[in-house]
Engineer: 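For reference, the structure I am asking about is given below.
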Amino acid sequence: HYPLRRQRQMCIRDSTNRVLETTFHRKIYESLADGAKTINGIVTLKDAQGQYVVGYNNTSGRKKVKEVLTLLWREGLITRTNEGSWVISQ
């Protein structure tokens, strides 16, 4: 899944400097492993068994996903494309 370097970087600090690392954060990051996705692409992504990887396909859920994407972006782990998708930083 993650290279070791990426695993260490998944300890994220929010705006109040609290360290965050949850399964939810990790699922969002991992959802970008196979390419750039929009927030809608992340919340509707399904695994091989047809189960939602992240879920939260509703207004409040998409807001939570956007908040995590913003945290990952601030940590330099992901970037936003010109088309508005999110992708893992190189």
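Position 1 is the first residue of the sequence, and the numbers go up from there. Values below: every heavy atom of this structure, side chains too, minus hydrogens, waters and symmetry copies.
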Engineer: Could you tell me which residues satisfy side-chain hydrogen bond (donor to acceptor under 3.5 Å, both in side chains) with Thr44, sequence neighbours excluded, listed by chain and number?
Structural biologist: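 Partners of Thr44 under the side-chain hydrogen bond (donor to acceptor under 3.5 Å, both in side chains) test: none.
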Engineer: Kindly give the heavy-atom pair with the smallest separation between Ala36 and Thr81, and that separation in Å.
Structural biologist: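 In terms of heavy atoms, the two residues are closest at CB-CG2, 4.3 Å.
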Engineer: Flag yes if Val53 and Val68 sit in one hydrophobic cluster, no otherwise; membership is Ile, Leu, Val, Met, Phe, Trp, Tyr, and two members link when side-chain heavy atoms are under 4.5 Å apart.
Structural biologist: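 In one cluster with Val53: Val68, yes.
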Engineer: So how far is it from Thr70 OG1 to Glu67 CD, rounded to the nearest 0.5 Å?
Structural biologist: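 Thr70 atom OG1 to Glu67 atom CD measures 7.5 Å (nearest 0.5 Å).
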Engineer: Minimum heavy-atom separation for Ser89 to Thr79, with atom names?
Structural biologist: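 In this case the closest contact between Ser89 and Thr79 is OG-CG2, 3.2 Å.
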Engineer: Check whether any side-chain heavy atom of Leu72 lies under 4.5 Å from a side-chain heavy atom of Leu32, and answer yes or no.
Structural biologist: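 Heavy-atom side-chain distance check fails, nothing below 4.5 Å.
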Engineer: Does Gln51 have any side-chain hydrogen bond (donor to acceptor under 3.5 Å, both in side chains) partners at least two apart in sequence or in another chain, and if so, which?
Structural biologist: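 By the side-chain hydrogen bond (donor to acceptor under 3.5 Å, both in side chains) rule, Gln51 matches no residue at all.
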Engineer: Using the side-chain hydrogen bond (donor to acceptor under 3.5 Å, both in side chains) criterion, which residues pair with Asp47? Sequence neighbours excluded.
Structural biologist: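 Asp47 satisfies side-chain hydrogen bond (donor to acceptor under 3.5 Å, both in side chains) with no residue once adjacent residues are dropped.
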Engineer: Contact between Ile39 and Trp86 at the side-chain level, heavy atoms closer than 4.5 Å - yes or no?
Structural biologist: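 A side-chain contact exists here, since the closest heavy-atom pair is under 4.5 Å.
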Engineer: Of all heavy-atom pairs between His25 and Leu71, which one has the smallest distance, and what is that distance?
Structural biologist: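 The pair with the smallest heavy-atom distance is NE2-CD1, 3.9 Å.
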Engineer: I'd like to check Arg62 versus Asn57 (side-chain heavy atoms, cut-off strictly below 4.5 Å). Are they in contact?
Structural biologist: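 Yes. Closest side-chain heavy atoms under 4.5 Å.
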Engineer: Using every non-hydrogen atom in the two residues, find where Leu69 and Ile78 come nearest and quote the distance to one decimal.
Structural biologist: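 Where Leu69 meets Ile78 most closely, the heavy atoms are O-CD1, 3.3 Å.
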